[in-house]
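Report on the structure given below.
In what follows, chains carry the letters A, B, and so on, assigned in the order in which the sequence lines appear, proteins first and then strands, with residues in each chain numbered from 1.
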Amino acid sequence: MSKNDKQKSFLETFPTGKETESVFPGTIHELPGGGIVTSKLDDVINWARSNSLWPLTFATSCCGIEYMAVAGAKYDFSRFGFEVARATPRQADVIIIAGTIVNKMAPVLKRLYDQMADPKYVIAMGACAISGGPFFYNTYSVVKGADHVVPVDVYIPGCPPRPEALLHALIALQQKIKSGMTREQIREGKDIV
Amino acid sequence: MWSFSEIAKNIDLWLNDLVGSTWALVLEMVIAGVAVIGLFAALGLVLVIMERKVAAWIQIRLGPNRVGPKGMFQSMADTVKLLVKEGMTPDGADRLLFNVAPFIAMIVAMLLMAPIAFAKDFQLWDMNIGVLYITAVSSLSVIGILMAGWASNNKYSLLGAMRSGAQIVSYELSGGLAILAVVVLTGSISLTDIIKAQENGWWIFKGHIPVIIAFIIYIIAVTAETNRAPFDLAEAESELTAGFHTEYSGMKFALFFLAEYINVFIVCAIGATLFFGGWMPLHIGNWQAFNHIMDYIPSSVWFFGKTFFLIFLIMWFRWTFPRLRIDQLLNLEWKYLLPISMINLLLVTLIAILGWHF
Amino acid sequence: MYRETEIIKDAPQFGEPGFGDLVINVGPQHPATHGVLHLIITLNGETIKDIKPNLGYIHRSIEKMCESLTYRQFIYVTSRMDYLSAHINNHACALVVEKGLQVEVPERAQVIRVLFDELTRIASHELWWGAMAMDLGAFTPFFHSFRERETINVIMEETCGARLTMNYYVPGGVMWDLHPDFQKRVKDFITLYKKKIHEYDELVTGNIIFQNRMKGIGYISPEDVISYGCTGPVARGSGVHSDIRKVSPYSIYSKLDFDEVLETGGDSFARYVVRIKEMHQSIKIIEQLIDNIPEGDFQAKTKAVLKLPKGEYYQSVETARGELGVYIVSEGGTTPYRIKFRSPGFSNLSALNHMIKGGKIGDLIAAMGTLDLVIPDIDR
Amino acid sequence: MFIKDYIKDIASALKSLATGMKMTGYYFTHHKEIITEQYPDNRDTLVLAERFKGEVVMPHDENNEHACTGCTSCELACPNGSIKIITKFDVDAETGKRKKAIDTWVYHLDLCTMCGLCVEACPTNAIKMAPTFEHSVFDRNKLVKKLNEDGSKVRAGVE
């Protein structure tokens, strides 16, 4: 990594560029004037949700191998508590679309998304899932971006992205969940509190 | 010395003074219920994080380490998430059975808590037919799984449930015969008596080779009975996606998940009681000084130490072995474990009659 | 009660199942199909009566797409076909273009290509080993195999600039020269590999459960191998002489000393052994070459715009899965007029029904694991 | 003999299982074998290969000058159209000649497959691959980038 890139701090690399509340919820805040308030139930729930994202074992092509590498020993997303990859959509929280979605697969993806229990999140991993990537112009059978089929929370460019990039996206998703904001609010450019 | 039995006795006396014996009994039942549920939850949290750490270390990675100090709050986050996650009932499922099944699995696991001696004189229900009760109740757990598999209206679930049915029914036999070995040696089916009989040494050490064989068979059988790898055919992630709980989500799934871990704890606790002397400290024959030192370690520490050792053993199996195929699983039981445990029982009977054990 | 799911209603009707049969859809999303293969299985109890693969869930029309890309550009798309042997796919395409242009590839480039091909083969087999063990229900081998695989990935990344789909081969040679650390890293990898390879046998090969799951399962006879057109370890597991590196050597393989691994068992275990032994052979090739990389150019001089003379060109190579053939029809323009890939996975998959019929569901998963299917390679 | 084989079978099976357990037991107790790199924490020490293809960048020097002449050979080399160059004509103040220059160098990071053909094709080495990877965004539109900075111009002498 060149010197120029290093100067970017870790938080600046995130889409929001801000740190959200990452302390353990339920902590006691001292209010001015001596009052004490415990953090809200919402915070507890969002903390739990953000730290327990169970992915669906869903990979269509090349990015699936990097997704496996993230699960592997060197990168190990179990450090964040994501390692409980569920094979059934009913028990999964996040669907990592790792690979191309073609026209025949699109209804299946939609079905899988519908079968998941709320709250559910989607990460589009790699160029194919974001926009069709290498298959954007010259093919007849590729969906030009998974967000035509299901709503996507986080996009990771790359073909395929490095394992660290997927971890980065997972941390970004965590931040989003902790902030409790919807996709629309973020798109409108509201600050993450 | 500080012990659970003194505390329990004092509470009993105090309540009797306060509200009279009938209400004291009711209150004690409530307290016991709450305590079991609390223990249930605490054990679930501890065992889940333990499994993930054991798996991680065997698999040359770190495991959960970012949520709370050293990742200790990881299973707490999972639990809260599962509590607030949508629990759906699929269209076409048998609604009643589908929703009741997880509770059956959990209630069976809870019932098995009753006769276990957690520490010296600390037992919810010291019944004189402890072993019989355990074997009877533990076979009920298959009902919850069968209900879940059938009611889901999912082919994977049905296959998983059928596999589980065949598996649990067969492995109960050799598990029961292995338990009988200890019963024969002790001459009693009360858990208290079995623990008392191990005062001068645990059965695994003083019962000759047949008891060691019985122990190995017991461990294999209970691994199969609790649907743990390498016998996790009822779930078989790579074959049946998630087996009998494919259609379960949210808290209903969490109950299955929890029941599995509680079952593992209970079978290990029973194994520790039967073969390793439960809460009984390590006593060796006539070494009075040594025995005396061992007595200073609280009995609950002994009990939980032994139980967690066995739990670790079962986890170790899970992260080492591949899964068996369904016909191989049944072959193993009917062609190997059952004949061996029958012959073994004969041998143990001989030892018991001739008084060869130490 | 057993309503058919929507997926099978969309699919063509494959004849009515008999009474008491259970039709289940394995896939398109299923942990054992390694992607999006859809198998329609007719079951009687646990016994499999029939398997119908349903393809097309990852059909990206790569062949059609290549017709609109120039000869320099189309190579990168082929990395996305069989992404586990990306280098070898690129090698096939580069070779066929060089054949058409009649370019002499410098010896250094050829050696570099063979080195990377063999590293890719090891990486692919490592991943297969882990994934197959995972199919059988053992999770630990997966993590242990990724330890070695990551070492190879670091080597790839240092020289080629990517971990999986590198686009390092260009017509006439390779894109850049080797990284200065390359030799050292590869030697370190060989040391690590030799130190750890015995664990594979301890953890999986010798295990009694594994052997019982594998031996005698998914048998395919040499005659059937030939009639189904299976290649690669699947064919060699049945004793069919099919290694392209030996049958019709390309690049510098004819000068190298290595053995074609042949097993006569024809079952899942034979295919397993073939792949494990192939890793040893790849190491042998790398050891021969790593100290003898000739000096010189890494890329032959080619024109800025490549035009293949009118004609038809074919080249086949041995990927980690079997024979990959590239067939190009050129009309003399800058893009291929027609391109066709003969992918190993498609033929290997077609033998699945023959192999497994009459077995259990567990057998299906085990045998499918030893076929080492990469679905984008089948659908393209 | 039947019984002998039966016992032999069991013994060899148990031995093979014990071998596997010995190995996993070794890793359970030897934590120095753990190879996990903790990504967000090791960010400062993380060294990526200098050739790693993470995204296309256009280096600008201190005078806000780049080396891109707008010849569009990268756009032609790109296999999937992730580069779009919008050119304009600059009028040279001294000679009054009209000279082609880039107005916007549009880079679709969401399409890019990091094949490196554009960098190979560039005659003036105006673009290169940067080893960065932390690109995740919440909004797909943010992945379309303009690589030339505002007010930048071609470095003198680059043709």
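- At a 4.5 Å heavy-atom cutoff, C:Leu37 makes no contact with chain A through either its backbone or its side chain.
- Note that CZ of C:Arg163 and CD1 of A:Ile65 are 11.0 Å apart. Values are rounded to the nearest 0.5 Å.
- Heavy atoms closer than 4.5 Å to chain C are found in the backbone of A:Ala59, but not in its side chain.
- Side-chain polar atoms of C:Arg60 and A:Thr100 form a donor-acceptor pair below 3.5 angstrom.
- Counting heavy-atom pairs closer than 4.5 Å to chain A, the top residue among C:Ile375, C:Leu127, C:Val77, C:Asp377 is C:Leu127.
- Here NZ of A:Lys74 is found 12.0 Å from CZ of C:Phe146. Values are rounded to the nearest 0.5 Å.
- Here C:Asn153 contributes atom CG and A:Glu66 contributes atom CD; the two are 6.5 Å apart, rounded to the nearest 0.5 Å.
- C:Thr165 and A:Pro160 make their closest contact through OG1-CD, 3.3 Å (heavy atoms, listed as atom of the first residue, atom of the second, distance).
- Smallest separation of non-hydrogen atoms from A:Ala73 and C:Phe143: N-CD2, 3.8 Å.
- Taking both residues in full, the closest heavy atoms of A:Cys62 and C:Leu164 are given as O-CD2, 3.4 Å, listed atom of the first, atom of the second, then distance.
- Counting heavy atoms of neighbouring residues, nucleotides and ligands inside a 6.0 Å radius, atom OH of A:Tyr140 exceeds 12 of them.
- Using modelled atom types, one side-chain atom of A:Ser141 and one backbone atom of C:His59 make a donor-acceptor pair closer than 3.5 Å.
- When each of A:Gly158, A:Gly99, A:Pro163 is checked for heavy-atom pairs under 4.5 Å with chain C, A:Pro163 comes out on top.
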Fill in: CA sep, side-chain torsions, deciding dist, call: C:Arg80, A:Cys159, side-chain contact (heavy atoms from CB on, under 4.5 Å)
CA-CA 10 Å; C:Arg80 273 85 184 163; A:Cys159 192; 2.9 Å; yes
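- A donor-acceptor pair under 3.5 Å is formed between the side chain of A:Lys104 and the backbone N or O of C:Leu55.
- Shown here for A:Pro134 and C:Met65, the closest heavy-atom pair between the two residues is O-CE, 2.7 Å.
- Counting heavy atoms from C-beta on, the side chains of A:Met105 and C:Val36 come closer than 4.5 Å.
- In terms of heavy atoms, A:Ala87 sits closest to C:Gln29 at O-NE2, 3.1 Å.
- Proximity to chain C (any heavy atom under 4.5 Å) is shown, for A:Tyr137, by neither the backbone nor the side chain.
- With contacts defined as side-chain heavy-atom distances shorter than 4.5 Å, the pair C:Tyr57/A:Val108 qualifies.
- Note: C:Ile58 CD1 to A:Ile101 CD1 = 7.0 Å, rounded to the nearest 0.5 Å.
- Between atom NZ of residue C:Lys64 and atom OG1 of residue A:Thr139 there is a gap of 12.0 Å, rounded to the nearest 0.5 Å.
- If you measure heavy-atom distances from A:Leu109 to chain C, you find no contacts under 4.5 Å at all.
- For C:Glu67, no part lies under 4.5 angstrom from a heavy atom of chain A.
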